[in-house]
There are 2 protein chains.
Amino acid sequence: MSTITSIHDASSEGDDSMEDGGASIYERLRDDIIHGRVKANERLKVADLANRMGTSTNPVREALQQLRGEGFVIMTPNRGARVRPIDEDFVRDICEIEVLIEPALTRWFVGIVTNEEIEELEQIQAEIEGLNFADEMTHSNLDLRFHKLMYDRHYNRHAVDLWMRHRHILWAISRRFPTSLSRQSNVLDEHRELLDCIKAQDADGAARVIGRHVEGSGRHIIERMRLARHTAP
Amino acid sequence: MSTITSIHDASSEGDDSMEDGGASIYERLRDDIIHGRVKANERLKVADLANRMGTSTNPVREALQQLRGEGFVIMTPNRGARVRPIDEDFVRDICEIEVLIEPALTRWFVGIVTNEEIEELEQIQAEIEGLNFADEMTHSNLDLRFHKLMYDRHYNRHAVDLWMRHRHILWAISRRFPTSLSRQSNVLDEHRELLDCIKAQDADGAARVIGRHVEGSGRHIIERMRLARHTAP
DNA sequence: AGTTTTCAGATCGTACATTATTTGTCAATG
DNA sequence: CATTGACAAATAATGTACGATCTGAAAACT
């Protein structure tokens, strides 16, 4: 019946109900879309999803509406919901926005940074270098902590929220692929360079570095996506 | 019962049901929030809203979820929805984002603009000058057409969508207040300056002008909001 | 072959049940 | 006598079930 290859199948559990895994319906749906487990433009039928999630239709409908508000699904009246394609263009688009926003956030951070924060940043950076990409998962967490520390105290909550949303999406996508060695060394270099600029109170320099950082990260993800698409269409 | 002063009251109509006015529940709610007809942080009870809208609770719930996705309401589990305050800070936040995004969009537009488009822009500008702020409504529409023409062909749909959303919010807010004379002349000047830069193929200049344009617009709205807040708290 | 009809499938709206939170009362205690 | 704590009732959010309405496409008909 369903065109979706059974993901989150309720039948995977021991007996019947229980164990929603703690993840909300919204999150499961969102992850399926971001991770590309549902095909682009695929139709999302509430009854189907309700079965798969082990609930009734109402929670699914509300989750879909929320996802529509965030732009992950496209809904047309009386015609249901379709998943917005998360393709290279999409990544390029949000990266381009980040290239504009993150330098601004960084610039402000340089102006208000304290010694304690610099120390903490250096400590995180040391952990990252010590780990040396041995575990993608913990590396991502450390990287997130690094940037989050810089942006968290910013007054523009709207911009920071936007950054967080974009960041989550990009992170989810990049989880599909391994990070190339050259990109790894670039990341380390850029972080070090950024720290130097912050310590030297060079706001423009820090903004430039972050700009390059984001652009490089985006370019890397897009290349990997293109590669994956051409090897396994 | 409700703390919301009856807006969209169903009893305002001739007899009983009919006439939802064409506006969806989502739009009505969204407008009430943006226009400040519901107080900041006000609690939104689904049963209340359902009564007011003349429908049952389910459509209201879905509208709220969509609004949450867009960031207009804040929902906490088992505790319902509250309206996000649309205050001066909020306006400042989205304006700051626009100050970053719009110059980038404009810069690209200068690179691909055709003679026909320049002509159309000049025609719109002529209409704007001819109208000279006699009617706020049609002025807003013309201004929207002016900027929309510049951004509509841009490849980064995500950025343009973001701009449109922000633009609608700002437009709805500024509708509450009259435009000051000094701001009016600034708007005309900036548009003229922008056209000159575009015709001269001066991308950097155009970006600078748009930056000033957005910043000035934001500053104007914020000042008006502050004023209104202090005169009628 | 092209148009109309019919019908299954899916969305949308309403009503109801369940569960969690808030509120209000009253007794026990310092 | 005031304050606090526990318990009960009300209030509101969350979830389930079902009927109404719309869409899309196959089947019947001219």
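The structure presented is a predicted model; accordingly, all values stated were derived computationally and were not measured. Chain letters run A, B, ... following the sequence lines, proteins first and then strands; every chain starts at 1.
By the 30° and 60° cut-offs, the orientation of the rings of A:Tyr155 relative to A:Trp108 is perpendicular. Classification of the A:His191-A:His213 ring pair by plane angle, with boundaries at 30° and 60°, yields tilted.
Taking the centre and axis of the six-membered ring of B:Trp163, the NZ or CZ atom of B:Arg165 falls outside the cone set by 45° and 6.0 Å.
Not counting sequence neighbours, the partners of B:His168 by the side chain to side chain contact (heavy atoms under 4.5 Å, CB included) test are B:Arg30, B:Met164. Contacts of B:Pro178 classified as side chain to side chain contact (heavy atoms under 4.5 Å, CB included), with partners at least two apart in sequence or in another chain: B:Arg224. Residues that satisfy the salt bridge (Lys or Arg N to Asp or Glu O under 4.0 Å) test with B:Glu136, not counting sequence neighbours, are absent from this structure.
Per the geometry, CG belonging to A:Leu64 stands 14 Å off P belonging to C:dA10, to the nearest Å. Distance, B:Met53 CE to C:dC12 C1': 17 Å, rounded to whole Å.
Taking the C1' atoms of five terminal pairs at each end of the helix from C:dA1-D:dT30 to C:dG30-D:dC1, the two resulting helix axes are inclined by 10°, rounded to 10°.
Applying the ring pair (Phe, Tyr, Trp, His ring centres under 6.0 Å) definition to pairs two or more places apart or across chains, those involving residues 35-90 of chain A are A:Phe90-B:His158.
The closest side-chain donor-acceptor pair between A:Glu62 and A:Tyr26, if any, does not fall under 3.5 angstrom.
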Going 5' to 3' through nucleotides 11-16 of chain D and flagging B where a protein heavy-atom sits under 4.0 Å of the base, S where only the sugar-phosphate is that close, and - otherwise, we get -SSBBB

